[in-house]
Amino acid sequence: MYRFKNSWTPERATQPHTYKQTKNNKIEKKGGEFVMREFKSFSSTEQTSLPQPHRGPSSSEIYAEPENFLEAEVVNPKTHTPHGSDTRGMFTDYEIICRTNLPSFGRRFSRVRRRYSDFEFFRKCLTKELAMCGGHPRVVVPHLPGKILLGNRFNDEVIEERRQGLCKWLQTVAGHPLLQSGSKVLVRFVEDEKFVG
């Protein structure tokens, strides 16, 4: 046997009840009171419950500048012969192009030239900077591509291979979020005309 709780009280019996029922409304009794609720047909709820087609990003959103970015590339190698036809003192340098909108960098665009020895010095300074900051365990500075000791180090194919290696190395280092936001050495390497550490 079921018992229903009767919420009727003598006070409620004396209160006037006025309600209006329309085509789209339904009257319900909740807790002893009449409540008017809007009635929705199956077709209207079906439309709102169906998954809406995914709207892809607009062309302005696709081509907009990312929120935070740092692009660094090593390009345009040049071999210099400071003593005319004498091959002593010959060296190759590479152009580093950097584009960024990170606040830790002074310029949005920079273009500098660096020799392989500058990359070696940069790695040494970066390692020292990290050690002074307590040697962050999540930052490991990778090794540079190997130095060419013998052979045709001024051969176009060898220079291009080294350029690609240096580009990959720099992108790995510059792509680290902790270095992007906190390394003054990285900023100086990609922005200063002459890198002094």
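The analysis underlying the following values was restricted to heavy atoms, covering all of them including side chains, and did not include hydrogens, waters or symmetry mates.
Put simply, the side chain of Asn101 gets close to the backbone of Phe69: a donor and an acceptor are under 3.5 Å apart. Between the side chain of Trp169 and the main chain of Pro145, no donor-acceptor pair closer than 3.5 Å is present. With Asn155 contributing its side chain and Glu157 its backbone, the two residues share a donor-acceptor pair below 3.5 Å. Using modelled atom types, one side-chain atom of Glu191 and one backbone atom of Gly106 make a donor-acceptor pair closer than 3.5 Å. Under a 3.5 Å cut-off, the side chain of Arg163 and the backbone N or O of Val74 do form a donor-acceptor pair. Of the possible polar contacts, none joining the Glu95 side chain to the Arg111 backbone as a donor-acceptor pair under 3.5 Å is found.
With values rounded to the nearest 0.5 angstrom, Leu166 atom CG is found 12.5 Å from Lys168 atom NZ. In this structure, CZ on Phe105 lies 10.0 Å from NZ on Lys184, to the nearest 0.5 angstrom. Here the straight-line distance linking atom CZ of Arg114 with atom CD1 of Ile96 works out to 6.0 Å at 0.5 Å rounding. Atom CG of residue Leu130 and atom CG of residue Leu179 lie 6.0 Å apart, to the nearest 0.5 angstrom. In this structure, OG in Ser110 is found 9.5 Å from CZ in Arg99, a value given to the nearest 0.5 Å. To the nearest 0.5 Å, the span separating CD on Glu160 from CZ on Arg162 amounts to 12.5 Å.
Considering all non-hydrogen atoms of both residues, Asn76 and Arg113 come closest at O-NH2, 2.6 Å. When all heavy atoms are compared, the tightest approach of Val190 to Val112 is O-CG2, 3.8 Å.
At a threshold of 4.0 Å, the pair Glu120-Arg123 does not count as salt-bridged, since none of the basic side-chain nitrogens sits closer than that to a carboxylate oxygen.
Note: the hydrophobic cluster containing Leu70 does not contain Phe109 (ILVMFWY, side chain heavy atoms under 4.5 Å, direct or indirect links).
Geometrically, Arg115 engages Phe91 in a cation-pi contact, judged by NZ or CZ lying under 6.0 Å from the ring centre and within 45° of the ring axis.
In this model, no donor atom of one side chain and acceptor atom of the other lie less than 3.5 Å apart for Thr100 and Glu71. Under 3.5 Å, the side chains of Ser181 and Ser104 contain no donor-acceptor pair of N or O atoms.
Centroid-to-centroid, the aromatic rings of Phe121 and Phe189 stay 6.0 Å apart or farther.
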